Amino acid sequence: MAEAGYGPGVPYLLSFFYKRHELGLRCGIFLSAAPLATTFAGALAYGITSGHPAHIANWRLLFIVEGLPSLFLAALAFMYMPDSADTAKFLTEEEREVAKMRAIQQTGSEGTSRIGRVNFKHVFMSLKDIKTWLPPLMYFSCNVSFSSLPVFLPTILQNMGFTAINAQGLSAPPYFLSFIMCILTTWIADKTRQRGLMIIGLSLVAGVGYVLLATCHSVGVRYFGVFLAAAGVFPAISNILPWTINNQGSDSKRGAGIALLNIVGQCGPLLGTRVFPAGDAPYYVKGMGICAGFMFFNALLALALRMYLSWENGRFERNDEAARQAGTDPSLGSIGLENEGYGFRNFL
């Protein structure tokens, strides 16, 4: 229950600190922790649960060791994490002034005035916009695959003929590649401002990986398919979250968009964790086919959203041109660029 708010809350909080073309990389770094943790999860669990006194159950010890750092870091975050850059105690006065100017450029107001307020009119406007609903469907599609891969990959590798301990070891390299791709692809998307094309490409890569896993019997080819799946699914999610925030025109709209993304998207694991029944071993054709289908569907959704955002950019351009023709200087308005002010364009 606590994690339900944490996942979407961190990218939303980051939007108070970074501009739109800076946000993707920061979300990528945050989300890359998932595949990086999974890289070492098997070895860590084995080390924690072996060679300890028998008076405590393995699962209890594992929960204690994994839970205590979260409690410690939660206390540190409560004490030191600021609500916006211009209230950060670790910044100098000059750096806080720069942060205030950046906030004004973003939204037309200082960071402190953005805290603790919800504009329900903007929330309902966001819920009526198609670009608020397509990313949650994309997140759902990715989560079908995202949730099943870490759970079932050791089993899938065992069914390729590897021992249990070797399967745990061989599951690490694909996740490490995914960790690198999360950071690299979000950085490229920030620089090119082409997040949709990145998601389309990553979804196709993951889909091909699942097709190889479903249709090929060669161990080498199937293991290569694991690399493609991991390198596509996790980075696609790392780009979907900032894309949702990038194209919403106010803090309240961004909050509504990221909340809806999580509500719909987190239903994906309900399906993803049930498509690999033991009776489908060793190739799990049905589960692989479902994951491949959802990744290809995700690419189609990303293409549709990109086309809509491109059309909307044309409308923004016409509105800006009309304002210029009227003889006004809309660039002097009080609405910040990232709140759909003068010059606002969607990230494609």
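Note that the coordinates shown come from a computational prediction; the quantities given were computed from them, not determined experimentally.
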Problem set entry | Audit row: Phe276, Cys291, side-chain contact (heavy atoms from CB on, under 4.5 Å) steps and yes/no | CA-CA 10 Å; Phe276 290 92; Cys291 290; 4.2 Å; yes
For this session: Please lay out, stage by stage, how Phe40 and Tyr175 fare under the test side-chain contact (heavy atoms from CB on, under 4.5 Å).
Result: CA-CA 9 Å; Phe40 303 104; Tyr175 291 128; over 6 Å; no
Problem set entry | Intermediate values then yes/no, side-chain contact (heavy atoms from CB on, under 4.5 Å), Trp243 and Ile199 | CA-CA 10 Å; Trp243 204 23; Ile199 295 171; 3.5 Å; yes
For this session: Go through the steps to decide whether Lys131 and Tyr308 satisfy the test side-chain contact (heavy atoms from CB on, under 4.5 Å), and finish with yes or no.
Result: CA-CA 8 Å; Lys131 69 182 180 185; Tyr308 173 78; 4.0 Å; yes
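Linking Ile, Leu, Val, Met, Phe, Trp and Tyr residues whenever their side-chain heavy atoms come within less than 4.5 Å leaves Leu228 and Leu177 in two separate clusters. There is no path of hydrophobic side-chain contacts, each under 4.5 Å, that joins Ile290 to Val205. Hydrophobic clustering (ILVMFWY, side-chain heavy atoms < 4.5 Å, transitive): Leu241 and Ile183 are in one cluster. In this structure, Val208 is not a member of the same hydrophobic cluster as Phe227, with clusters built from ILVMFWY side-chain heavy atoms closer than 4.5 Å.
Met79 CE: more than 12 foreign heavy atoms inside a 6.0 Å radius.
Within the structure, side-chain hydrogen bond (donor to acceptor under 3.5 Å, both in side chains) contacts touching residues 262-274 (residues at least two apart or in different chains) are Tyr139-Gln266, Asn262-Gln266. Listed by first then second residue, pairs satisfying side-chain hydrogen bond (donor to acceptor under 3.5 Å, both in side chains) with a partner in residues 205-228 number zero, not counting sequence neighbours.
The side chain to side chain donor-acceptor pair (under 3.5 Å) test applied to Thr132 returns Ser126, Gln248, not counting sequence neighbours. Here Arg26 pairs with nothing under the side chain to side chain donor-acceptor pair (under 3.5 Å) rule; sequence neighbours left out. Residues passing the salt bridge (charged side-chain N to carboxylate O under 4.0 Å, His left out) test with Glu93 are Arg96, sequence neighbours excluded. Every residue meeting the side chain to side chain donor-acceptor pair (under 3.5 Å) condition with Tyr284, not counting sequence neighbours, appears here in chain and number order: Asn159.
Electrostatic pairing of Glu312 and Arg345 does not count as a salt bridge here, judged by no charged N lying under 4.0 Å from a carboxylate O.
Closest approach of Ile245 to Ser15, counting heavy atoms only: CG2-CB, 3.7 Å. Scanning both residues, Ile240 and Pro135, for their nearest heavy atoms gives CG2-O, 4.1 Å. In plain terms, the two heavy atoms of Val275 and Leu271 that are nearest each other are CG1-O, 3.3 Å. In this structure, Pro11 and Cys27 approach most closely via the heavy-atom pair CB-SG, 3.8 Å. Taking each heavy atom of Ala231 and Pro235 in turn, the nearest pair found is O-CG, 3.1 Å. Ala256 approaches Val123 most closely through the heavy-atom pair CB-CG1, 4.0 Å.
No donor-acceptor pair under 3.5 Å is formed between the side chain of Asn247 and the backbone N or O of Asn346. The main-chain N or O of Ile29 is found under 3.5 Å from a side-chain atom of Ser32 such that the two form a donor-acceptor pair. In terms of modelled atom types and a separation under 3.5 Å, the side chain of Ser147 and the main chain of Asn143 share a donor-acceptor contact.
Taking CG of Asp190 as the reference point, atom CG of Asn239 lies at 8.5 Å (rounded to 0.5 Å).
Ser141 and Asn298 are not linked by any side-chain donor-acceptor pair at a separation below 3.5 angstrom, with hydrogens and angles left out of the test.
Of the residues Arg20, Arg195, His21, the one that meets the side chain to side chain donor-acceptor pair (under 3.5 Å) test with Asn246 is Arg195.
For Phe179 and Phe176, the distance between ring centers is under 6.0 angstrom.
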